[in-house]
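Each remark here refers to the structure printed beneath this line.
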Amino acid sequence: MLTHVVRPEEILNSPAVSAGLLRVESRIRRLSTSSRLPLINSAAGRITGAGGKRLRPALTLATALALDGSLSNRVVTAAACVELIHAGSLVHDDLMDKAAERRGVRTLNAELGEGRALVVGDFILARAGLAALSSASKPVAETLASVVVELAEGQFQEAAELFDPERTPEDALRSITGKTASLFRASCLVAHRNGSSMAVYGERFGILFQILDDLLDLASTADRLGKPVGNDLRQGVYTFPLLLALRHDCADLRPFLGRRLSEDEITLLLARLRRSSMVDDTLEYCRGLAAGALSSLPAIADPQIAAALYGLPGAYIDWAESLLVR
Ligand code: FPP
Ligand code: MG
């Protein structure tokens, strides 16, 4: 029942995290509209204000509250920088996907053309780096600089393996560890000098988050998701759930790999995958990741924050499950 499932990002939003997110929001707004060029400000401000879930900065705030019990201005800046890096990377991702819309808002590439979208993405990323250095700390800036390297490597690997019939589930895991999980890990790392005690949690949750996103693209519906399904197949991105199914009970679907598919073939392939063990196998893998994430959590004194961090991975799985069709 869709109505009974808590949206996973709400789990993290305890009163203290919600109050921190308001501060993060105004910092995001200020940083993304700080250019001397009004056109950059309107483009960057529009895209960073376009209603993301703010899951990564909420994780930074929850980590800081778990390890320190309070939210300093430096932590608020670090959380804003994490979200700006996410937003900047999505501008680049939309450019690579030639996407016209994200979160119900026209993408910058659709609105301004590819060249200007590219440099607005660069502006957002660079602005985050500068703010981290000047208003958070050098270690935070270093963590964020190295996460940009990992995002680029993970994304590059995915792009290099498009339509590759030899891609394995392990290749897909390597790519999502770079393009997605690294930023969740960094969201924990930048929160506190002992943030590394939460890094494994962040990384495992990040892998789970991306695998569920990939599963929904294969086993949900446009009605439930609010966006078309089958996009990864259309673009030649062979994701972890698909590759797992090919290794288990769908080996006969291999002839669909290595080439562009017609819409009829995509419909056929999705129907077949939904009848296979793909959904159950992927959910089981995600439950293993969730258990691994929880087992790596340090002792947390604040009961609300502890409940939020313990609840998040399972809540994400429940939410995804409520959107799946089988
Ligand atoms: C969205 O995933 C994309 C990412 C999580 C990573 C994007 C990274 C880059 C473009 C590399 C360059 C980044 C920087 C910081 C220079 P998705 O495409 O699976 O999901 P979607 O359906 O939201 O597009
Ligand atoms: Mg994409």
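In each ligand, atom 1 is the first atom listed, and ligand 1 is the first ligand listed.
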Exercise. For the atom pair NE2 (H86) and OG1 (T180), what is the distance rounded to the nearest 0.5 Å?
Worked result: 9.0 Å
Problem set entry | 4.5 Å side-chain heavy-atom contact, H192 and M198 | no
Under 3.5 Å, which donor-acceptor pairs link side chains of residues 238-251 to any protein atom two or more places apart or in another chain?
from : atom 1 : to   : atom 2 : distance (Å)
Y238 : OH     : G258 : N      : 2.8
R247 : NH1    : E170 : OE2    : 3.0
R247 : NH2    : E170 : OE1    : 3.0
H248 : ND1    : D281 : OD2    : 2.7
D249 : OD1    : S277 : OG     : 3.0
D249 : OD2    : S277 : N      : 3.0
D249 : OD2    : S277 : OG     : 3.4

Exercise. Would you say R254's side chain and P165's backbone share a donor-acceptor pair under 3.5 angstrom?
Worked result: yes
Problem set entry | Test item: I266 and E263 side chains (from C-beta on) under 4.5 Å apart, heavy atoms | yes
For this session: Could you tell me whether the side chain of M96 reaches within less than 4.5 Å of the side chain of E158, counting heavy atoms only?
Result: no
Problem set entry | Sub-4.5 Å side-chain heavy-atom contact between R23 and N73 | yes
Exercise. How about the Mg ion (ligand 2), which protein N, O or S atoms come within less than 2.8 Å?
Worked result: D93 OD2, D97 OD2
Using atom types as modelled, flag every donor-acceptor pair under 3.5 Å from a side chain in residues 296-314 to any protein atom, sequence neighbours excluded.
from : atom 1 : to   : atom 2 : distance (Å)
S296 : OG     : Y201 : N      : 3.3
S296 : OG     : A293 : O      : 2.7
D302 : OD1    : Q304 : N      : 2.8
D302 : OD1    : I305 : N      : 3.2

Check ligand 1 for close polar pairs with the protein: N or O on both sides, less than 3.5 Å.
from     : atom 1 : to   : atom 2 : distance (Å)
ligand 1 : 18 (O) : D93  : OD1    : 3.4
ligand 1 : 18 (O) : D93  : OD2    : 3.0
ligand 1 : 19 (O) : K179 : NZ     : 2.7
ligand 1 : 19 (O) : Q210 : NE2    : 3.3
ligand 1 : 23 (O) : R102 : NH1    : 2.7
ligand 1 : 23 (O) : R102 : NH2    : 3.3
ligand 1 : 24 (O) : D93  : OD2    : 2.8
ligand 1 : 24 (O) : R102 : NH2    : 3.0

Exercise. Quick one: CZ on R29 to OG1 on T48, what's the gap to the nearest 0.5 Å?
Worked result: 6.5 Å
